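No experiment lies behind these values; they were computed from the predicted model shown. Below, chains carry the letters A, B, ... as their sequence lines are ordered, and counting in each starts from 1. Keep in mind that the numbers below use all heavy atoms, side chains included, and drop hydrogens, waters and symmetry copies.
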Number of protein chains: 2
Amino acid sequence: MIVNGHNGAGQQEPEAAAASIRDVGAAAGVSYQTVSRVINGRPNVSQETKDRVNAAIAELGYRPSRAARALAHGSDRVVTVLTSNTRLYGYAETLGGIEEAARAAGVQVAIRVLESDRPDDIATAVEGVSDPRAGAVIVLAFDRAGARALQALPANVRSSAAAESYLGRRTSSADSARWTWFDDILAAEHATQHLLDLGHRTVHHIAIPSTTSVGDRQRGWKRALEAAGASVPEVVRPRNWSMAGAHEAALELLLDPTVTAVLCGNDDQALGIMRAAHDRGLRIPDDLSVVGFDDVPAAAFLTPALTTVRFDFAALGRRAFELLGDGLDPAQVAAPALVVRESTGPARQDKDD
Amino acid sequence: MIVNGHNGAGQQEPEAAAASIRDVGAAAGVSYQTVSRVINGRPNVSQETKDRVNAAIAELGYRPSRAARALAHGSDRVVTVLTSNTRLYGYAETLGGIEEAARAAGVQVAIRVLESDRPDDIATAVEGVSDPRAGAVIVLAFDRAGARALQALPANVRSSAAAESYLGRRTSSADSARWTWFDDILAAEHATQHLLDLGHRTVHHIAIPSTTSVGDRQRGWKRALEAAGASVPEVVRPRNWSMAGAHEAALELLLDPTVTAVLCGNDDQALGIMRAAHDRGLRIPDDLSVVGFDDVPAAAFLTPALTTVRFDFAALGRRAFELLGDGLDPAQVAAPALVVRESTGPARQDKDD
DNA sequence: CTCGATCCTGTTATCGCTAACACTCTAGCC
DNA sequence: GGCTAGAGTGTTAGCGATAACAGGATCGAG
């Protein structure tokens, strides 16, 4: 990253030494302040001067220094996204939404990933992005690491957060933070209800890590079950948030013949379960109904195509970016919607028939 | 992003106004230069002074200004990744690798996505990242937009590139750029050979967009076919780089009963084809063998599990980051490997039997 | 007891840019 | 025809840090 400032050839070589605003001014025969005016499209510069300056800029290959600009101006147009993951669908999609909105606003986006949810790692990460004079930060608080980072953020840095649900009610963090979230509870309730309506006696649930011990998806699932008077099976907790983990856990779960419907924490898990069903000789949806969460692109092309809850993560990201501005109240993005495809069907009457 | 600098309450409120290095110095009763020394772990500062300064820093909640530091030091520890996409598996994974390496090196990572491959969009994007005094840039040159951005990059900005193959031989861009790439040709050759070995008369190919009109995957496929003396079918070009596009194109292709093996440009396309096979009543691998590229996490859990070529994109990203340093020659990352699973099998003797 | 070496700390100049103010013209006005 | 408004440009200060040099103590050695 360190650029060697020396240039043995002196000023012969136009290449090596980066031109500054003063060089441009000198070349154009105007003060460097006038150059600044031209660059920033400030009024009161004659067309002739403008042309001369632009010509000098082109000739010298001049590019303004971001650092100097930020320093003089007192702020930099940057958002830093604080997240524990950049590859999982929901995270990547949200990040994409933030990026789109930021790009449209001419704001640069930086990423800082949280290596773990250990307090010292969180502290280090937060430390690095907490330059209050620089830009803003958006934290993806979908998991514990994110939630902790959000709380660790100093009150004087401009920030907003995208979360699985409204954490404001549970956190001590200041009002300075702004939030966007999905109504996970309602979404899970609908999905569970869909399965119940199909005639399933009850619905099993495979959980994903959450910001809290009990995630909102789990909460909604339980609520629907209780409202319907169905029994509430024990929640399955795979050893990790991956397809392999879900597959492993499902292999175990599917030994139980009373399991006819499963609500998965996300589509990756659903895929793991579908494979486990295949491994156990179970047909979907005849023997087992599966519902996912997220609606990843692959969901529609699987065989059978996956019934899942669609979330507009990109919109969530865009919204989180907007919340950085002033005068906006926390609000939800478009409600999640259940997309019924082929992986859910009527309950079989009795497996042992 | 603009922070309001005024603070009605004056200095009563320790919260609002960001402390500078001078404030810390004043609070600790030393010059701000000494504070700088403490912050940067420079020698020749007494322990007592250090303690006093650290206490003042903690009390004032002081954070150094990135911008000021960058300006004074002449460079900023930032890499900007220039890419046309952040969500597709290969891109996201490579970005992840870059991020890991950068984080380990204490370098911040920024993202700039290319909205299109139109020259003016490329120019705008390149413009924004070409501050030679700031950090370095890594371009993901997997597609045309990326390749163009790479060429448009001024010679005086430190950069490296991750590409589908060694573009150096085709581009006019200076030596200042450094490269990492996979051997796509060989990988495609192996995959095609695998299918041929299974007894397939020939292998059809669905292409993905490339930096050039003929991608290296296509090149390797053709080479294997010719070496085996097999006929070279016309390449299928879906209307876009998505599952839906591949699905659509495959629906058409599979009308042809002579098609028994398909090499897809990537795993997403493979999924689209597998679904199309299902829609056409074809069984995999009995009636049709399918091979993908990338080895996305889902590949192993599909039913049937997908035979595909594994690429270590994260390693590619890490390598691209390393190349930013000095004294390294361009080199390839671990060779791609064919992972044989369930989607490929012996050719059926004759469909019309 | 004086002197140079070593430690510690302060002073000054700069990085490249923007903001605020000052100044010089040229018009347009009564 | 002197005066004011405002366009066009230059001058002077910083922004918050680092780097290079300068200076005051402290200390062992001759």
With sequence neighbours excluded, residues passing salt bridge (Lys or Arg N to Asp or Glu O under 4.0 Å) with [X]:
X: B/Asp51; answer: none
X: A/Arg148; answer: none
X: A/Arg103; answer: A/Glu99, B/Glu115
X: A/Glu93; answer: B/Arg87

Practice task
Nearest 0.5 Å please: distance from the CD1 atom of B/Ile98 over to the CZ atom of B/Phe321.
Solution key: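 Spacing of CD1 (B/Ile98) from CZ (B/Phe321) equals 9.5 Å.
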Exercise for the section: Would you classify B/Pro43 as touching base, sugar-phosphate or nothing, given that sugar-phosphate means primed atoms plus P, OP1 and OP2, and contacts are heavy atoms under 4.0 Å? Expected result: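 Result for B/Pro43 = nothing.
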Handout entry: Residues B/Arg37, B/Asn44; criterion side chain to side chain contact (heavy atoms under 4.5 Å, CB included); working and verdict
Key = CA-CA 9 Å; B/Arg37 277 192 265 265; B/Asn44 297 342; 5.8 Å; no
Rounded to whole Å, please give me the gap between [atom1] in [X] and [atom2] in [N].
X: B/Arg133; N: C/dC15; atom1: CZ; atom2: C1'; value: 9 Å
X: A/Asp131; N: D/dC15; atom1: CG; atom2: P; value: 15 Å
X: A/Leu60; N: C/dG16; atom1: CG; atom2: C1'; value: 15 Å
X: A/Asp76; N: C/dT18; atom1: CG; atom2: P; value: 12 Å
X: B/Leu71; N: C/dT18; atom1: CG; atom2: C1'; value: 12 Å
X: A/Ile21; N: D/dG14; atom1: CD1; atom2: C1'; value: 15 Å
X: B/Asp51; N: C/dC8; atom1: CG; atom2: P; value: 14 Å
X: B/Asn40; N: D/dA17; atom1: CG; atom2: P; value: 10 Å

Problem - Ion pair check, A/Arg52 and A/Glu48, cut-off under 4.0 Å - result: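 A salt bridge links A/Arg52 with A/Glu48.
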Handout entry: A/Val45 side chain, from C-beta outward: closest of C/dG10, D/dT9, C/dG16
Key =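 Of all the options, the side chain of A/Val45 is nearest to D/dT9.
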Problem - A/Thr34 side chain, from C-beta outward: closest of D/dG10, D/dA17, C/dC17 - result: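 Minimum distance to the A/Thr34 side chain belongs to D/dG10.
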Any side-chain N or O of [X] less than 4.0 Å from the OP1 or OP2 oxygen of [N]?
X: B/Thr49; N: C/dC8; result: no
X: B/Asn44; N: C/dC7; result: no
X: A/Ser36; N: C/dT18; result: yes
X: B/Ser46; N: C/dT9; result: yes

Give me, pair by pair, the N or O atoms of the protein and of nucleotides 23-26 of chain C that are less than 3.5 Å apart, along with how far apart they are.
none

Problem - Counterpart residues, side-chain contact (heavy atoms from CB on, under 4.5 Å), relative to B/Ser130 (two or more places apart) - result: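 With sequence neighbours excluded, B/Ser130 shows a side-chain contact (heavy atoms from CB on, under 4.5 Å) to A/Arg63, B/Val126, B/Leu153, B/Pro154, B/Val157, given in chain and number order.
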Exercise for the section: Kindly write out the residues that satisfy side-chain contact (heavy atoms from CB on, under 4.5 Å) with B/Asn40, not counting sequence neighbours, or none if the list is empty. Expected result: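 Scan of B/Asn40 (side-chain contact (heavy atoms from CB on, under 4.5 Å), adjacent residues dropped) gives B/Ser36, B/Arg42, B/Arg69.
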Exercise for the section: Identify, between A/Ser20 and B/Arg52, the residue whose nearest nucleotide on DNA chain C lies closer to the 5' end. Expected result: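 Here B/Arg52 is the residue nearer the 5' end.
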Distances under 3.5 Å only, N/O to N/O: pair up the protein atoms with those of nucleotides 19-22 of chain D.
| from | atom 1 | to | atom 2 | distance (Å) |
| --- | --- | --- | --- | --- |
| D/dA19 | OP2 | B/Arg42 | NH1 | 3.2 |
| D/dA19 | N7 | B/Gln33 | NE2 | 3.4 |
| D/dA19 | N6 | B/Gln33 | NE2 | 2.6 |

Exercise for the section: Using the ring-ring contact (aromatic ring centres under 6.0 Å, His included) rule, collect all pairs that involve residues 27-52 of chain A, keeping only residues at least two apart or in two chains. Expected result: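 Applying ring-ring contact (aromatic ring centres under 6.0 Å, His included) to every pair that reaches into residues 27-52 of chain A, excluding sequence neighbours, yields nothing.
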Problem - Listed partners of A/Asp121 passing side chain to side chain donor-acceptor pair (under 3.5 Å), at least two apart - result: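 Side chain to side chain donor-acceptor pair (under 3.5 Å) list for A/Asp121, sorted by chain: A/Ser116.
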Exercise for the section: Enter the inter-axis angle for the ends of the helix from C/dC1-D/dG30 to C/dC30-D/dG1 (five pairs per end, rounded to 10°). Expected result: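 End-to-end axis angle for the helix from C/dC1-D/dG30 to C/dC30-D/dG1: 60°, rounded to 10°.
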Exercise for the section: For B/Arg69 and for A/Val30, find the nucleotide of DNA chain D with the closest heavy atom, then tell me which residue's nucleotide is more 5'. Expected result: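 Closer to the 5' end of DNA chain D: A/Val30.
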Please report, to 0.1 Å, the donor-acceptor pairs under 3.5 Å made by any side chain of residues 19-28 of chain A, with sequence neighbours excluded.
| from | atom 1 | to | atom 2 | distance (Å) |
| --- | --- | --- | --- | --- |
| A/Ser20 | OG | A/Arg22 | N | 3.1 |
| A/Asp23 | OD2 | A/Ser20 | N | 2.8 |

